[in-house]
Amino acid sequence: MNPVLEVSGLTKQYDGFRAVDGLTFALEEHTATALIGPNGSGKTTTLSMLAGLLRQSSGTIRFNGAGNDPRSTIGFLPQYPNFFPWMTAMEYMELAAGLSGLGSREVRTACEKTLGFVGLGSAGKKRLGGFSGGMKQRLGLAQAIVHRPALLLLDEPVSALDPAGRREVMEMLKELGESTTILYSTHILNDAEEMTDQLLFLRNGQMIEQGPLHEVRKKYGGSGYRVLFADRKAAERFAGAAPWDANADGQAVTISGESVSMEELLRFAAEHSQGITDIGRASIRLEDIFMKVVEKP
Ligand SMILES: Nc1ncnc2c1ncn2[C@@H]1O[C@H](COP(=O)(O)OP(=O)(O)OP(=O)(O)O)[C@@H](O)[C@H]1O
C-alpha cells in the first residue's frame with residue numbers, strides 16, 4: 001500500500017449548505033479512481049479542493065511525496081477549461097509547462113511530445129480560437145500531463161467528446177495510468193468500467209459507497225455467466241435442465257458465478273449444447289450499480 005493522496009474528513013460548507021461533507025479516502029499509486037455521482041453531488045467541488053483552487057472548510061488533504069509546490073506533482077483538467085483564443089496551442093502549452101515548474105530547457109521538447117501524444121502534433125501553430133470542442137478537450141488534457149505529474153485530477157475528461165474521441169482519450173488515460181495515479185469524475189459509465197480500479201460514489205456531498213470496482217460489483221450483483229441461444233425456447237430448455245440457479249431472459253440465460261464454476265458450466269453446456277451461440281462471463285454493469293447506489297435509502 002503506497003497512497004499518493006490521503007484525504008480525511010474533507011468538507012466544503014457554503015452558507016448553510018454542505019456541498020462536500022466529510023469525505024475520507026486514499027488513492028494508491030498507479031491506480032485509476034472514478035468519482036461518480038448525480039449532478040450536484042459534489043464531484044467538481046471535491047476535485048477543485050484537491051487541485052488547490054478552492055479552500056476546504058475542514059478536513060485534510062495530504063499529497064505524499066509532494067514538495068513545497070504540489071503543482072509539480074498534480075495535473076488538473078477542469079470541467080470547462082478556458083483558453084485564450086488568440087494563443088497558439090504551443091504558446092498555451094509552454095505557458096502551462098512553465099507554471100507547472102518545468103525548466104526552460106525541457107519545456108519545448110515536453111510540449112511537442114505531449115501535443116503529439118494527445119493527437120495535436122500538427123496543431124501546435126494553430127490559434128485556439130479555431131479549435132473544435134474535441135481539440136480543446138485534448139489540449140486541456142495535454143496541459144494537465146505536460147510535466148508528467150504523479151497525480152492526475154480530471155473533471156469530466158470525456159463528456160464533451162464524440163464516441164470516437166472518448167475512446168481515444170480513454171486509451172490515452174489507460175496508457176498514462178501505467179505510470180500515473182488518476183482520479184477522474186465522469187457520467188460516462190460505460191467508459192469508466194474499462195479503466196477503473198476504485199470507485200467513489202457521492203450523493204449530496206457524502207460518500208455513499210466506495211471501494212475496489214470488483215468488490216462493489218460483488219456487493220451489488222456479483223458476477224456470473226451469460227449463455228446466449230439461437231432462440232428463446234432453447235434458452236428456456238437449458239435453464240430448465242440446469243441443476244443450478246439459471247434465469248432465462250429472452251434468448252439469454254444468466255447463471256450466478258457463486259453456484260457453479262466455468263468448468264462445470266462448460267461440461268454441462270457440452271451435453272446440452274442445442275441452440276447455444278455464445279458463452280461468456282457477465283458482471284453487473286456500472287450503470288446498474290449507479291442506479292442501485294443512488295437510490296439507496
Ligand atoms: N460557490 C458556490 N456557492 C454555493 N453553492 C455552490 C457553489 N459551488 C457549487 N455549489 C453547489 O454545490 C453542490 C455541488 O456542486 P458540484 O459542482 O461540486 O457538483 P457536481 O457533482 O460536480 O455536479 P455535475 O455532475 O453537475 O458537474 C451543488 O448543489 C452546487 O449548486
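Residues take their numbers from the sequence shown, with the count starting at 1.
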Asker: Quick one: list whatever passes salt bridge (Lys or Arg N to Asp or Glu O under 4.0 Å) with Glu156, sequence neighbours left out.
Answerer: none
Asker: Is Gln56 reaching over with its side chain to a backbone N or O of Leu10, donor-acceptor style, under 3.5 angstrom?
Answerer: no
Asker: Is there a continuous path of hydrophobic side-chain contacts, each under 4.5 Å between heavy atoms, that joins Leu228 to Ile276?
Answerer: no
Asker: For the backbone of Met262 and the side chain of Tyr225, can you confirm whether one donor and one acceptor N or O come within less than 3.5 Å of each other?
Answerer: yes
Asker: Between Lys136 (side chain) and Pro81 (backbone), is there a donor-acceptor pair under 3.5 Å?
Answerer: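 Absent.
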Asker: When the ring planes of Phe268 and Trp244 are compared, do they come out parallel, tilted or perpendicular, using 30° and 60° as the limits?
Answerer: perpendicular
Asker: Do we get Lys113 above Phe117's six-membered ring, with its NZ or CZ under 6.0 Å from the centre and within 45° of the axis?
Answerer: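 No, Lys113 and Phe117 do not form such a contact.
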Asker: Treating Glu106 as the side-chain partner and Gly103 as the backbone partner, does any N or O pair qualify as donor plus acceptor under 3.5 Å?
Answerer: yes
Asker: Does Arg203, at its CZ atom, have more than 12 non-hydrogen atoms belonging to other residues, nucleotides or ligands within less than 6.0 Å?
Answerer: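 Counting other residues, nucleotides and ligands, CZ of Arg203 exceeds 12 neighbours.
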Asker: Is there a path of hydrophobic side-chain contacts, each under 4.5 Å between heavy atoms of I/L/V/M/F/W/Y residues, joining Tyr80 to Ile188?
Answerer: no
Asker: Measure from the side-chain N and O atoms of Lys292 to the backbone N and O of Tyr220, and report whether any donor-acceptor pair falls under 3.5 Å.
Answerer: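 Checking the backbone N and O of Tyr220 against the side chain of Lys292, a donor-acceptor pair under 3.5 Å is found.
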Asker: Under the rule for ring pair (Phe, Tyr, Trp, His ring centres under 6.0 Å), what residues qualify as partners of Tyr92, not counting sequence neighbours?
Answerer: Phe83
Asker: Which pairs of donor and acceptor atoms, one on a side chain in residues 229-243, lie under 3.5 Å apart (sequence neighbours left out)?
Answerer:
unit_1, atom_1, unit_2, atom_2, d
Asp231, OD1, Lys233, N, 3.1
Asp231, OD1, Ala234, N, 2.9

Asker: So, does Gln143 use its side chain to make a donor-acceptor pair with the main chain of Phe76 at under 3.5 Å?
Answerer: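 Here the side-chain-to-backbone pair exists.
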